[in-house]
Structure formats: C-alpha cells, structure tokens
K.L.:
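Please find one structure pasted underneath; my questions will follow.
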Number of protein chains: 2
Amino acid sequence: MSATPVPLHPIRTAARDDAVLDALAAFAASEGLGPGDRLPTERVLADRLKVSRTTVREALTRWEGLGLVERRQGSGTYLKAPVSRDMLHLPLTLPSGSDLDSLMHTLEIRRGLEGEAAALCALRAGPREIALIRHKLEVMEKAFHERQGMSSDEDWDFHQAIFRASGNPLFEQIVAAMYELFHRFWEHPLGVHDFGHASFPFHRTLYERIAARDPEGARAEALKIIASVEADLRRGAARLDITGSR
Amino acid sequence: MSATPVPLHPIRTAARDDAVLDALAAFAASEGLGPGDRLPTERVLADRLKVSRTTVREALTRWEGLGLVERRQGSGTYLKAPVSRDMLHLPLTLPSGSDLDSLMHTLEIRRGLEGEAAALCALRAGPREIALIRHKLEVMEKAFHERQGMSSDEDWDFHQAIFRASGNPLFEQIVAAMYELFHRFWEHPLGVHDFGHASFPFHRTLYERIAARDPEGARAEALKIIASVEADLRRGAARLDITGSR
DNA sequence: CGTCCATAATTGGTCCGACCATTGGCCCAA
DNA sequence: TTGGGCCAATGGTCGGACCAATTATGGACG
C-alpha cells in the first residue's frame, strides 16, 4: 500500500450535538460567562438553536460527563470550568486506583513533568514570575513552621507558580489532575503524620536553582521532592501493610 | 484549614443514568466484552433495564464523551476501551492552540514522559514485553524502508508498546492525547517531507538500551527522539515562517 | 412592618411514540 | 462472480407530556 499523506477525516454528516456545544461555547465567550455562572435553560436553548430539547440535553450531558458543567434540577445548569470552542478533552480512565500502585503511578508522571517544568521554568521565567514563586515559597514556609508540617494548599500554590512560569499550560493541567488523583485516595497520610516533611527543604533549593537560571539544577531539586514523597509513601504503605486492595 | 478526611461525595439525587452504566459494566464483565465488541441495542437495553431509551441514550452519551464507547448509526454501539464498574474517569480539558507554540508544548510534555517511561520500561519490562517492542520496531523499520520515510502509525505502535511495558497506564493515555493534539494541526509536515527522518535510528538504539535493562541509557535515547522531532518542527516552521496564527 | 409558610412557576429528569438517515445484509439479475 | 437494489436494523432527532426538585411569589399572621 502506498503512502496516504492525507488523514482522510471521516465526513461528519450529523454534528448537531457538536453544533450546540459550539454555539454554547461562543455564547459563553460573548457573554463572558465563567465558572459558577448559570447558562440558559434547556428549553430556551432548544428554541433559540432550533433543535429539540433532546438534542440540547445530549450535548449538555456530554459536557456534564466531562465535568465542564453541573446540572441542578429545579435550578438550572451551571458552568464548572471555562469552556471554549476548540478545547481538547482528554478523559483519563484508569482502574480504580485506591491502591499503592496507583498512587505511585501518579508520582511517576509527576517525576517526568515536574522535572521538565522546573527546567523550563529556570530557562523562561522572568523577574516577575520568579518573584511570585519566591512569594509562594515564603507563604509555604510560613505555613510549615506555624502548623508543624506540610500544607497541601500552599505546597500546590508553589508548584503551580512554577508550572505557570514554564510557559506551557499543559504542565499545570496534567499535574493538577495527578494531584487530584493522588489526594482522592490519600485522605489520611497513611499513619505518617509528618508526611511530606522530608521534601520541605528541597522547595527552597528548587527556588534557588530557578532564580539562578540553572535548568539542570532545578530539575535535580524537583526530582528530589518527588523522590522524597515517594519514600514517604512507601514508608506509610509498609507500616499499614497495604497490599493493593481498597 | 484543618483536614477534612471525608471526601463528601455529592448526593446523587438521580442515579438512573449511573445505574444504567453500572448494569452495562456488569454485563460487559459477565459477557467478557472487550474493545471492539458490540453491545446491545439501545432499544434492547431500555427494555431489559426497564428504563426509557432516552435514559439509556443519556448514559451512553456520557460514555461516548469519555471515549469509552463509539456509536455508529445504522450499525450499533461498540466498546472502545475496557469498562468496569469501579473505574476512575478523570476528564482533562486542555487548551488546544493551533500554532507552533502549542505543537512545541506537546513535545515538552512528551520529553518529560517518554524519557521517564523508557527508563521505567527498561526496569520493568519482561522478556515478552521486550520481544513485543522488538517486533514493533522491526515492523516500523520495514515500513520506513518501503515507504522511504517515517510512518505515523507504526511509529506510534512502537512507542505504545514501550508505554505499556512501563507498567503505568497513565503514560500511554496522556501521551496519546499529546499525539492527537499534535496531529490535529499537523496534516502536512510543514513542507518538510522527510519529517521525523532524523529520529529513525534512535528508535533502534532506544530498543537496545531497553533490552539491555539500562534505564538511563533508554531515557537518553528517548530524549534524542524528541529532540530530533523538535528540530524538524523548528526547521519546518522557519521555512514556512509560521508566526503563531493558523 | 416583618416573618413564615403554602402555593405556583421554573427547571432539569424521565418517559413515550414517531419519524429520519445510515448501515449492512439479503436476494436477484446480468 | 459481480453489481445493484430492496429492506430490516440501528442510532439520531423530534415533539409532547408528565414527574421531581428548586425557587420565586404572595398572602396570612404575629
């Protein structure tokens, strides 16, 4: 078979659902609708778009499944996330990960991405971004000393600032999903009440390597943080003798 | 804020849709249905489950949006991925730019993940996995020589085999999304008709490092592939003088 | 005047029956 | 064997109806 350079997209004859979502995204953009805002009722949409309510509902159902929208019976349909006409929806489906392996898997992804993001951040961050990262670091350190332990929120704010300074929005979104995945099954620190403690000093060294515009140094420090969390996780797992089942 | 150990699942007022999906997942499990298999007609499901076809359709629409299922009018509804009652779906919405920067962003993600996956693969792959990777490599090399150039499909098959051998299903899913994001705006090789050509030899060296159980060597070879594609992309962009807009 | 509660209107959730568009198999003829 | 045309099956859309939860309304009562 000879090469077929053209992907030959299958022709979409019926794209009514997609058309509804496109129109809705355009509407949200023109109206400046953001998360929390309420969008028109299904009946209004059906009337305005000249389609049946069934079609509107099918379209909204898809957005609901993607977590973009929340429907409240008797109240209305509300935006949960910013929507746009050209967005890529990446549904990650994985076997119910309440076991140690799944937690480790999220850390493996983070190991790859956090190192890369830190390196890129050291290359691209401007003075303003570096100042912001420093600020987040200080907030985190303050919270650490006050509460005698790592604080998830402040810790995430710090990492988030680094991702944003990397100039690549994909880092933040993917790692945010890993964070959520991780915390969904990490309600208790597995009996290790100083969980994450060991990773604390590396946050400052990571900041220093970024401020020094040292990509490889920053990457190394970021990897230390992940390795430290991994070690804590293994420690807690060994203590609780987690075997894999929920 | 103090720790709130209980996730507090939002109250599910209406669980009819979910009940349908649960029943369908159970059915798929009992029948041993896998990807590619066709599942019962909407009308049959509605009759069997004692719900209306509308409800069945809403449920299937959610699965369709999650990419678990594919509907073909006039033919039926087919499984695209293994489904299970307790499976975690983490929808991820990414801004999909159509400019050069976005293409580069996907490569930055791949740089982090492919290196990590290659290293893990070298650590964990068993003889069977390594044999499969070798086979995919040979298929790719054969296609390369026959068509005088890289072939996307065979190339992806090779990388996919590596991801699967890494033991972490997240790698394949995330990078698959990056692939899609990349190819969505890369119909033509930007005028570089030997696009990807330079990355060809590194595929074999990558395989050799994996077969030798050399994690860091495998990581290095994987990074060479990404760097090569990046260089090609910059080359094509420079030629076409792409400035960012589509 | 303000508060409280029953009532009505609004809105999403489900159901039904019908029809359309596409697909795929079947049969028959060239 | 091949080709075309017919036809049943299947997903897609439609309109209308009713149910359930929520919210707004407005009057009664302290």
Side-chain angles (χ1 to χ4, degrees), chain A residues 8-25 27-28 31 33 35-81 83, chain B residues 8-25 27-28 31 33 35-81 83:
Chain A
L8 278 187
H9 284 208
I11 42 183
R12 303 263 322 158
T13 75
R16 288 182 180 275
D17 310 35
D18 284 325
V20 169
L21 294 184
D22 280 356
L24 210 42
F27 175 79
E31 296 291 310
L33 295 184
D37 288 331
R38 189 184 146 202
L39 39 83
T41 69
E42 298 174 350
R43 290 172 175 86
V44 170
L45 287 174
D47 183 64
R48 292 268 204 285
L49 299 176
K50 298 302 174 195
V51 295
S52 71
R53 187 155 87 99
T54 308
T55 304
V56 171
R57 281 187 57 79
E58 292 244 352
L60 286 178
T61 297
R62 234 170 26 223
W63 268 10
E64 188 189 26
L66 264 43
L68 297 179
V69 121
E70 180 183 355
R71 291 152 129 175
R72 289 205 283 268
Q73 184 175 181
S75 177
T77 304
Y78 300 82
L79 250 51
K80 283 179 65 180
V83 296
Chain B
L8 277 186
H9 282 213
I11 309 172
R12 36 193 58 249
T13 70
R16 282 126 187 90
D17 305 31
D18 283 325
V20 169
L21 294 185
D22 279 355
L24 209 41
F27 176 78
E31 295 291 310
L33 296 183
D37 288 332
R38 178 168 171 246
L39 40 83
T41 303
E42 297 176 351
R43 290 171 173 86
V44 171
L45 287 175
D47 182 62
R48 292 271 204 284
L49 299 176
K50 298 303 174 194
V51 294
S52 71
R53 186 155 88 99
T54 307
T55 304
V56 171
R57 280 188 59 79
E58 293 240 352
L60 286 177
T61 297
R62 238 187 359 244
W63 268 11
E64 188 189 25
L66 263 43
L68 298 179
V69 124
E70 179 184 355
R71 290 150 125 175
R72 289 205 284 269
Q73 185 174 180
S75 178
T77 304
Y78 299 83
L79 250 51
K80 283 179 66 180
V83 295

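Quick caveat: nothing in here was measured; it's all calculated off a predicted structure.
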K.L.:
Nearest whole angstrom, please: distance from the C1' of D:dT13 to the CG of A:D18.
P.N.:
15 Å
K.L.:
Whole Å only: how far is the CG atom of A:L45 from the C1' atom of D:dT13?
P.N.:
17 Å
K.L.:
At less than 3.5 Å, do the side-chain atoms of B:R53 and the base atoms of D:dG12 form a donor-acceptor pair?
P.N.:
yes
K.L.:
Reckon B:T77 has a side-chain N or O less than 4.0 Å from the OP1 or OP2 of D:dT10?
P.N.:
no
K.L.:
For A:P35 and A:K80, which heavy atoms make the closest approach, and how far apart are they?
P.N.:
CB-O, 3.9 Å
K.L.:
At their closest point, which heavy atom of B:L49 faces which heavy atom of B:A23, and how far apart are they?
P.N.:
CD2-CB, 3.8 Å
K.L.:
Can a donor-acceptor pair under 3.5 Å be found between the side-chain atoms of A:R72 and the base atoms of C:dG13?
P.N.:
no
K.L.:
Given atom CD of B:Q73 and atom P of D:dC14, what is their separation to the nearest angstrom?
P.N.:
13 Å
K.L.:
Closest approach to the side chain of A:R38, judged atom by atom: which nucleotide of C:dG12, C:dT11, C:dC15 is it?
P.N.:
C:dT11
K.L.:
Rounded off to whole Å, could you give me the CZ-to-C1' distance for the A:R16 and D:dG15 pair?
P.N.:
14 Å
K.L.:
If you look at every strand shown and take non-hydrogen atoms under 4.0 Å, does B:T41 touch a base, only sugar-phosphate, or nothing?
P.N.:
sugar-phosphate
K.L.:
May I have the distance from A:E42 (atom CD) to D:dG16 (atom P), rounded to whole angstrom?
P.N.:
16 Å
K.L.:
Quick one: A:R62 CZ to D:dG11 C1', roughly how many Å, whole number?
P.N.:
14 Å
K.L.:
So B:R71 and B:T61, side-chain contact (heavy atoms from CB on, under 4.5 Å) or not? Walk me through it.
P.N.:
CA-CA 9 Å; B:R71 290 150 125 175; B:T61 297; 3.0 Å; yes
K.L.:
With sequence neighbours left out, write down each residue that passes salt bridge (charged side-chain N to carboxylate O under 4.0 Å, His left out) with B:R53, or none if nothing qualifies.
P.N.:
B:E42
K.L.:
Measure CD/A:E70 against P/C:dG12 and give the value in whole Å, please.
P.N.:
12 Å
K.L.:
Is the shortest side-chain N/O distance from A:R57 to OP1 or OP2 of C:dG13 below 4.0 Å?
P.N.:
yes
K.L.:
Please report the closest heavy-atom contact between B:A28 and B:V83, naming both atoms and the distance.
P.N.:
CB-CG2, 4.0 Å
K.L.:
If only side-chain N and O atoms of B:S75 are considered, is one of them under 4.0 Å from the OP1 or OP2 phosphate oxygen of C:dT23?
P.N.:
no
K.L.:
For B:P40 and for A:T54, locate the closest nucleotide of DNA chain D by heavy-atom distance; then report the residue assigned to the nucleotide nearer the 5' terminus.
P.N.:
B:P40
K.L.:
Any N or O donor-acceptor pair linking the side chain of B:R43 to the base of D:dG11 at under 3.5 Å?
P.N.:
yes
K.L.:
CG of A:D17 versus P of D:dC14: gap in Å, rounded?
P.N.:
9 Å
